[in-house]
Amino acid sequence: MVSGGAGVRLHLVRAEQSAASDDVVDSSSRAEGGEGGDDGDARDGVRVRVLSQGCHGQRSVRAVRRPSCGGVNHPKRQRCHGSVTASAPSPPHVLPFFAMTDPRPVRTRFAPSPSGHLHVGGARTALFCWAFARGRGGQFILRIEDTDRKRSSDAAALAFLDDLAWLGIDWDEGPEAHGCGGGERGPYRQSERRALYDAAFEKLIAGGHAYRAFETAEELDAARAAARVEKREYRYDRAALALDPATVAAWVAEGRPHAVRFRVPDDEAVVFEDAVRGTVRVEASELDDFVIRKADGFPTYHFAVVVDDEHMQVSHVIRAQEHLNNTVKHVLLQAALGYTRPVYAHVSLIFNPDGSKMSKRDKDKTLRRVVKERGLDAPVAVDEKTWAWWQESKDHQLDLDDAESLAAALDAHLPEINIDDFRRAGYLPEVMINYLALLGWSPGEDVEKFDRAFLLERFDLDRVVKSPAKFDREKLLAFNLDALQAMPEADFVAAVRAHAEAHHPAFLERLDEAAFARFAVANKERSKTLDDPFRDGGFFVAGDDTLTYARTKAVRKALVNGEPNGFAHLAAVRETLAAVDVWSVETLEPAVQAYADNHAGGKLGKIAQPLRIAVSGGTISPAIFDTLVILGRDAVLRRIDRLLAHREAISTPAETVS
RNA sequence: GACCCCAUCGUCUAGUCAGGUCUAGGACACCAGGUUUUCAUCCUGGGAACAGGGGUUCGAAUCCCCUUGGGGUCGCCA
């Protein structure tokens, strides 16, 4: 019988489901004592366990969009509530809308495994969790899911903390870093929460909800393989459940390794309300008795997640859609443990432009593909031991440094998928936030550009898009460009300087503060990323004698065509430049313009292009007078002389010549 | 294969829950012009979508069903 739990909830259940209340099981009331209800409803032969309900009682598989969620008042709720009495269909039974609203304070968590940098998908999940909680005065929790002892847990594995901090996503509770973290409900690493899990295991086993299983991983692998060969579906056969208690006790006593499995109820349907997908219904019979404790004593993900969410009082679980099916397990576990069920929201996946799932493993996959294509079997760029380990299994991923050196050695381009990749490529954190938010959420009203404050204020689960999104780098780039252009000059200079400090120190050595500032400003309107000024600006730090000339058609055209041609103009304007009093844009521009007026029909381009080639080696640079000033008179004159000295070679077609 | 989820321009999406105001809006990309000392910007204009089929309705992008397509999950990984 249903007992205890939220009074209002149960009251309404009873009021509405007179005869069949037995099979309506409140998740918070199923604590002990085995199955809470009896055989229950016979109307369709399948007992339905309603663990949560929205206002829509349809049993259709098609999702019914929930109007809102969270403990926030919403005008739509009234309407929703009002419709309840009108429906009252056959199972799953209907609870009024607010029955699924978690009345607790809003607390969300982001729970990655410690596997290095944060990838785009994880970042978006974290962002949604953060925005949802913070926008409602709640807390955002970070938790490390490190129950897999085979995975590394060193400092590098926690690199995602830096990525989060860079994005401006700060956490109220969790590992301590960047001035964030701490909290009362820790520790926030699962490997340090063993006692909590152990207590829960005992409770489940004692209650008959779980049992020890002695098959080894190898045996199970073999059974799965056999099933595959016979083209039948593999299901754990519950052999361990048939063991008599004395045998189990003896085996446990002698220390025989074993896992613990959850006993999945027979003939029940698990129905839960997803805040973005609506009603989801899965028959429990689709599941086999899944492992909740591994032989090494650690909990599996499914178990740890449920225990931790309860202990940390997580009210809303916002995660990727790949977890939608897992939710069934979690809901079952919560019911068996007597836990409160959080509100679930499964957001769609992010795909690569080619339609494949965007994954942190994509770098590794790219590398494996290239290695296979080239038929490589000996270590390249990494040591033998690492190579052997990497080859051993597709689950073994190279760490970033190794991956990058291997990519460099193979001349392969690694896809940008980590937040850190974009950081290094010169994207602004606020742009990443903005774009990420747009991937799967929209504020409506044709609004696309917004900041964190707006997100906090407007983000809600009911506007999260259900269909998967492809990651569009072009659009991200366009957003970054717009943000860069909108920056005050001083901010832009500071950002470019910070980027140089991290990635292009040579520019800071070569350019003094004033020159660097001019360099940044001169590049502002032509930069799409903070890296652009450096990528095309290598000539600024090149030696005057080692500059490389692009020997393209455009270069020859500027130098050779016309009468007088570019070389001739250069030779002449060199003297104009040498004679200028003060080396500044204000003096250079009128001087060169005057020369152009007198010798090139006023066409500044006739002079600017040859000059550009002389000082940069090609046809691409910031505005020419800025470029000259940044370089300084000596370098400019030397470069002009050098070009003139190489005029023959440069006039002949070829790719490049040094 | 079984189960679950999804389906509007090339892409991200608005519109779908409360059917008519949608000859479907915006953004990125693309194409054509224009500005500019190069590249990049910038300006103007343009093409571009309701997956298909049934049904409900006076009326369907919107509600229902089927089909098709895409994705996810089926681990002592998380």
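Residue numbers begin at 1 in each chain, while the letters A, B, ... track the order of the sequences. Keep in mind that this is a model prediction, so the values were computed, not measured.
Residue A:His330 is tested with A:Phe272, A:Tyr344, A:Phe303, A:Tyr301 for a ring-ring contact (aromatic ring centres under 6.0 Å, His included); the sole match is A:Tyr301. Tested against A:Val328, the residues A:Leu333, A:Val282, A:Val271 include a single side chain to side chain contact (heavy atoms under 4.5 Å, CB included) partner, A:Val282.
Looking at A:His396 and A:Trp390, their side chains never bring a donor and an acceptor atom within 3.5 Å of each other. Checking A:Thr529 against A:Asn480 by side-chain atom types alone, no donor-acceptor pair falls below 3.5 Å.
Classification of the A:Phe519-A:Phe540 ring pair by plane angle, with boundaries at 30° and 60°, yields perpendicular. Taking the six-membered ring where tryptophan is involved, the planes of A:Tyr211 and A:Tyr236 are essentially parallel, since the angle between them stays under 30° and well short of 60°.
Residues A:Val306 and A:Val331 form no side-chain contact, since every pair of their non-hydrogen atoms from C-beta on lies 4.5 Å or further apart.
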Taking protein heavy atoms under 4.0 Å as touching, what does nucleotides 36-45 of chain B look like 5' to 3' if B marks base contact, S marks sugar-phosphate-only contact and - marks none? -BBBBSS---

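Spacing between atom CZ of A:Arg277 and atom C1' of B:G72 amounts to 10 Å, rounded to whole angstrom units. To the nearest angstrom, P of B:G72 lies 17 Å from CZ of A:Arg319. Regarding A:Glu286, its CD atom lies at a distance of 12 Å from the C1' atom of B:G1, rounded to whole Å. A straight line from CG of A:Leu324 to P of B:C74 spans 12 Å, rounded to a whole angstrom. The CZ-P distance, from A:Phe351 to B:G10, rounds to 18 Å in whole Å. In this structure, A:Leu436 places its CG atom 19 Å from P of B:C28, rounding to the nearest Å. In this structure, CD1 of A:Ile350 is placed 14 Å from C1' of B:U11, rounded to the nearest angstrom. In this entry the distance linking NE2 of A:His330 with C1' of B:C4 reads 15 Å, nearest Å.
Considering only side-chain atoms of A:Leu349, the nucleotide from B:G71, B:A27, B:A29 that sits closest is B:G71.
Comparing the C1' positions of B:C58 and B:G69 gives a spacing of 34 Å, expressed to the nearest Å. Only the C1' atoms considered, B:A24 is 9 Å distant from B:A49, to the nearest whole Å. B:G10 and B:C50 have their C1' atoms separated by 16 Å, given to the nearest Å. Spacing of P atoms, B:A51 relative to B:A14, comes out at 14 Å, to the nearest Å.
No close placement of the A:Phe128 and A:Trp441 rings is indicated, their centers lying 6.0 Å or farther apart.
Across all strands shown, nothing is found opposite B:U62 as a Watson-Crick or G-U wobble partner with both distances under 3.5 Å. Using the Watson-Crick or G-U wobble rule with both distances under 3.5 Å, B:C74 pairs with B:G1. In this structure B:A7 sits in a base pair with B:U68, meeting the Watson-Crick or G-U test at under 3.5 Å.
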Shorter than 3.5 Å, N or O on both sides, protein versus nucleotides 75-78 of chain B: list them out with atom names.
residue : atom : partner  : partner atom : Å
B:G75   : OP2  : A:Arg224 : NE           : 3.3
B:C76   : OP1  : A:Arg224 : NH2          : 3.1
B:C76   : OP2  : A:Arg224 : NH2          : 3.2
B:C76   : O2   : A:Ala295 : N            : 2.5
B:C76   : N4   : A:Glu215 : O            : 2.1
B:C77   : OP2  : A:Lys294 : NZ           : 2.8
B:C77   : O2'  : A:Asp148 : OD2          : 3.1
B:C77   : O2'  : A:Arg151 : NH2          : 3.2
B:C77   : O2   : A:Arg151 : NH2          : 3.4
B:A78   : OP1  : A:Thr147 : OG1          : 2.5
B:A78   : OP1  : A:Asp148 : N            : 3.3
B:A78   : OP1  : A:Lys294 : NZ           : 2.5
B:A78   : OP2  : A:Tyr301 : N            : 3.2
B:A78   : O3'  : A:Glu145 : O            : 3.2
B:A78   : O3'  : A:Glu145 : OE1          : 3.4
B:A78   : N6   : A:Asn326 : ND2          : 3.4

Are there any protein N/O atoms within less than 3.5 Å of an N/O atom in nucleotides 19-23 of chain B, and if so, which ones and at what distance?
none

Between the protein and nucleotides 12-16 of chain B, are there any N/O to N/O pairs under 3.5 Å, and if so, what are the atom names and distances?
residue : atom : partner  : partner atom : Å
B:C12   : OP1  : A:Lys470 : N            : 3.0
B:C12   : O2'  : A:Leu438 : O            : 3.3
B:C12   : O2   : A:Lys475 : NZ           : 3.3
B:U13   : OP1  : A:Gly440 : N            : 2.9
B:A14   : O3'  : A:Arg463 : NH2          : 3.3
B:G15   : OP1  : A:Arg463 : NH1          : 3.0
B:G15   : OP1  : A:Arg463 : NH2          : 3.2

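Contacts between residues 225-233 of chain A and RNA chain B, defined by a heavy-atom separation below 4.0 Å, involve no residue at all.
Summarising the local packing, NZ of A:Lys294 is surrounded by more than 12 heavy atoms from other residues, nucleotides or ligands at distances under 6.0 Å.
Nearest heavy atoms, A:Ala614 versus A:Leu547: O-CD2, 3.5 Å.
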Could you list the donor-acceptor pairs under 3.5 angstrom formed by side chains in residues 618-626 of chain A, with sequence neighbours left out?
residue  : atom : partner  : partner atom : Å
A:Ser621 : OG   : A:Arg612 : NH1          : 2.7
A:Asp626 : OD1  : A:Arg518 : NH1          : 3.3

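Electrostatic pairing of A:Glu233 and A:Arg228 does not count as a salt bridge here, judged by no charged N lying under 4.0 Å from a carboxylate O. By the 4.0 Å N-to-carboxylate-O rule, A:Arg224 lies too far from A:Asp288 to be salt-bridged with it. In summary, A:Glu416 and A:Arg473 engage in a salt bridge, as defined by a charged side-chain N under 4.0 Å from a carboxylate O. A:Asp309 and A:Arg143 are joined by a salt bridge, as a carboxylate oxygen and a charged side-chain nitrogen come within less than 4.0 angstrom of each other.
Checked by atom type and distance alone, the side chain of A:Asp532 pairs as donor or acceptor with a backbone atom of A:Lys528 at under 3.5 Å.
Stacking of A:Arg256 on the aromatic ring of A:Trp251 is recorded, both the 6.0 Å distance cut-off and the 45° axial limit being met.
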